[in-house]
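Take a look at the structure set out below.
Every chain is numbered from 1 and lettered A, B, ... according to where its sequence line falls, protein lines coming before strand lines. No experiment lies behind these values; they were computed from the predicted model shown.
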Number of protein chains: 2
Amino acid sequence: MRRAAPVINAIWTVTQRATGLAKAKRTLKWQRDPEGMRLRILEAAKQEFSTHGLAGARVDRIAAKAGANKRMLYYHVGNKDELYLAVLEGAYDKIRSEERGLDLEHLDPPEAIRRLIEFTWNYFLRNPEFLSLLQTENLARAKHLKRSTKVKSMHSPFVEMIRTVVRRGVDSGDFQVAVDPVQLYISIAGLCFFYLSNSATLSVIFGRDLLAREAKDERLAHMVGLVLAALTGRSAELFEIAKAPKSRAAVAQTV
Amino acid sequence: MRRAAPVINAIWTVTQRATGLAKAKRTLKWQRDPEGMRLRILEAAKQEFSTHGLAGARVDRIAAKAGANKRMLYYHVGNKDELYLAVLEGAYDKIRSEERGLDLEHLDPPEAIRRLIEFTWNYFLRNPEFLSLLQTENLARAKHLKRSTKVKSMHSPFVEMIRTVVRRGVDSGDFQVAVDPVQLYISIAGLCFFYLSNSATLSVIFGRDLLAREAKDERLAHMVGLVLAALTGRSAELFEIAKAPKSRAAVAQTV
DNA sequence: CGAGAAATTAACCCGTTGGATAAATACTGT
DNA sequence: ACAGTATTTATCCAACGGGTTAATTTCTCG
């Protein structure tokens, strides 16, 4: 916590006065900005909850990070639990909206699956807080999520996407099996999620940095190869295609 | 837990006096049992840390659950952090020892892989606290694990097992690719881990109980099918074999 | 421009919690 | 049996942390 709220607001104020209003009649100690404040609070809370978990999160730290007075959290959002739930809902909202942007319908089935895996992988990489929040919420046995009608109404478009892609793949002969789309969805998410969410312990156990550039590339190739091989039945080719020369060398080394 | 320390000790004492020593000269208020005490403390701590996480765990609750005076935790193990690390080390020690008991060498490769998946799945099912502890530790970015020379020296025998199994499978023609054993290990663990550790949120999202008997059976079948199909290249047959009639119906329904 | 509402700050409250201190009791070897 | 040590109990406490109360300041609109 580098700095308390009033300071930030003071800075803003000074700047605005200097540039915008020329000669202000008196010194403004702070400035109103309810929407901005709410956003800063939620952003700060997201950081705090994802790095410290629910119980480990500190309300004072959230306030400090948001450049706000602690009272503001309760004024704009609610108590710690409500704050946490708001963050969680925001996180689900965000991923759902990005998921909707992914159009798999016009791709040929194997390519669609590849895209799906890549999206999931990259989304997790770009939003590590999402992973942490899910971990935290599961540690709490989804206690809060269960009370959220908002999240429950946000259906992922992926299940339906996968369903049609798989159907098309089976019809075209690309795929050999009509997997349950929910299972496949969970498998893809799981392959990505576990590697990233557990990278800290796994890195210690294996004595190598799983988040290094090469390791991540290799992992993506492996996952795409694994899933597509299972669906198409052509493992050899797929694994080869999936792997960059560098990665193949790494495999040879460890195998 | 069921009973507080003094009570347990009192009961023990009474029993022993009544049966063993006939007429005890005076009433014992408590009994010494350093080893037992330590075990009870660690067991209670495991429960507490796995259900509440590190920050959410309460030292007083651990003491109560262990049937001990709070002071005992510090006397026998150490402060909260040391207690947590001891629990974590115990958890790793346990899984490693069970892993060592799994002999895959004499099985034909596909069967070996199936056994491996089943073991992992069942171990996670039987030891949900292990999953929680890992989640907690990863939330802490493995801060404690990094300091544990003990855990770092406990190498999982699985990587080597997988390496030889894969090699044998490739040689025999059962497998089409020589996957990196570490990647495969992580994938198998991930498929199992994610489903179980995130079952709470996933169950809410999908509106179905992922821990119901049938759902679990179906999941295991799916995972075995997926991995073996990828390795052998014979997806259709494997998925069919893997699925019980009931599960197949479920798939048909959702596909 | 000024009064009332909205937003923000400042200060405090009080139960909780990890940890510590000291006293009491049980055990062990001699 | 008894002295010395190991184990356990009984209290205490200072800091922390979530939440609240009350005062202050800014903004809006008639």
Q | Criterion side chain to side chain contact (heavy atoms under 4.5 Å, CB included) on A:T120 and A:Y185, from CA distance to verdict | A | CA-CA 10 Å; A:T120 304; A:Y185 177 93; over 6 Å; no

Q: Carefully, step by step, assess B:E48 and B:K65 under the rule salt bridge (charged side-chain N to carboxylate O under 4.0 Å, His left out).
A: CA-CA 9 Å; B:E48 180 71 10; B:K65 281 184 208 164; 2.5 Å; yes

Q: Quickly work out the B:M72 CE to D:dA10 P distance and round it to whole Å.
A: 11 Å

Q) Thinking salt bridges, do B:K46 and B:E43 make one under a 4.0 Å N-O criterion? A) yes

Q: Would you kindly give the CG-to-C1' distance between B:D33 and C:dT25, to the nearest whole Å?
A: 16 Å

Q: Would you kindly give the CE-to-P distance between B:M37 and D:dA6, to the nearest whole Å?
A: 17 Å

(Q) Could you work out, with side-chain hydrogen bond (donor to acceptor under 3.5 Å, both in side chains) as the rule, every residue matching A:R96, not counting sequence neighbours? (A) A:E99

Q.
Please determine whether a side-chain nitrogen of the Lys or Arg among A:E98 and A:R126 lies less than 4.0 Å from a carboxylate oxygen of the Asp or Glu.
A. yes

Q: Classify the angle between the aromatic ring planes of A:F193 and B:F194 as parallel (below 30°), tilted (30 to 60°) or perpendicular (above 60°).
A: tilted

Q. Who passes side-chain hydrogen bond (donor to acceptor under 3.5 Å, both in side chains) against A:Q135, sequence neighbours left out?
A. none

**Q.** ring pair (Phe, Tyr, Trp, His ring centres under 6.0 Å) pairs, two or more places apart, involving residues 39-69 of chain A
**A.** A:F49-A:Y84

**Q.** Sequence-aligned protein contact record of nucleotides 12-22 of chain D, with B where the base is within under 4.0 Å of a protein heavy atom and S where only the sugar-phosphate is
**A.** -----SBBBBB

Q: Return the value, rounded to whole Å, for the distance between atom CD of A:E35 and atom C1' of C:dA6.
A: 12 Å

Q | Any B:H76 side-chain N or O less than 4.0 Å from OP1/OP2 of D:dT8 | A | yes

Q) A:Y75 OH to C:dA5 P: how many Å, rounded? A) 12 Å

Please write out the pairs of protein N or O atoms and N or O atoms of nucleotides 28-30 of chain C separated by less than 3.5 Å, giving the distance to one decimal.
none

Q) How would you list, by chain and number, every residue that makes a side-chain hydrogen bond (donor to acceptor under 3.5 Å, both in side chains) with B:S148, sequence neighbours excluded? A) B:E89

Q: Take atom CD1 of A:I41 and atom C1' of C:dT9, then tell me their distance rounded to the nearest Å.
A: 13 Å

Q: Send over the distance from A:K29 NZ to D:dT25 C1', rounded to a whole Å.
A: 8 Å

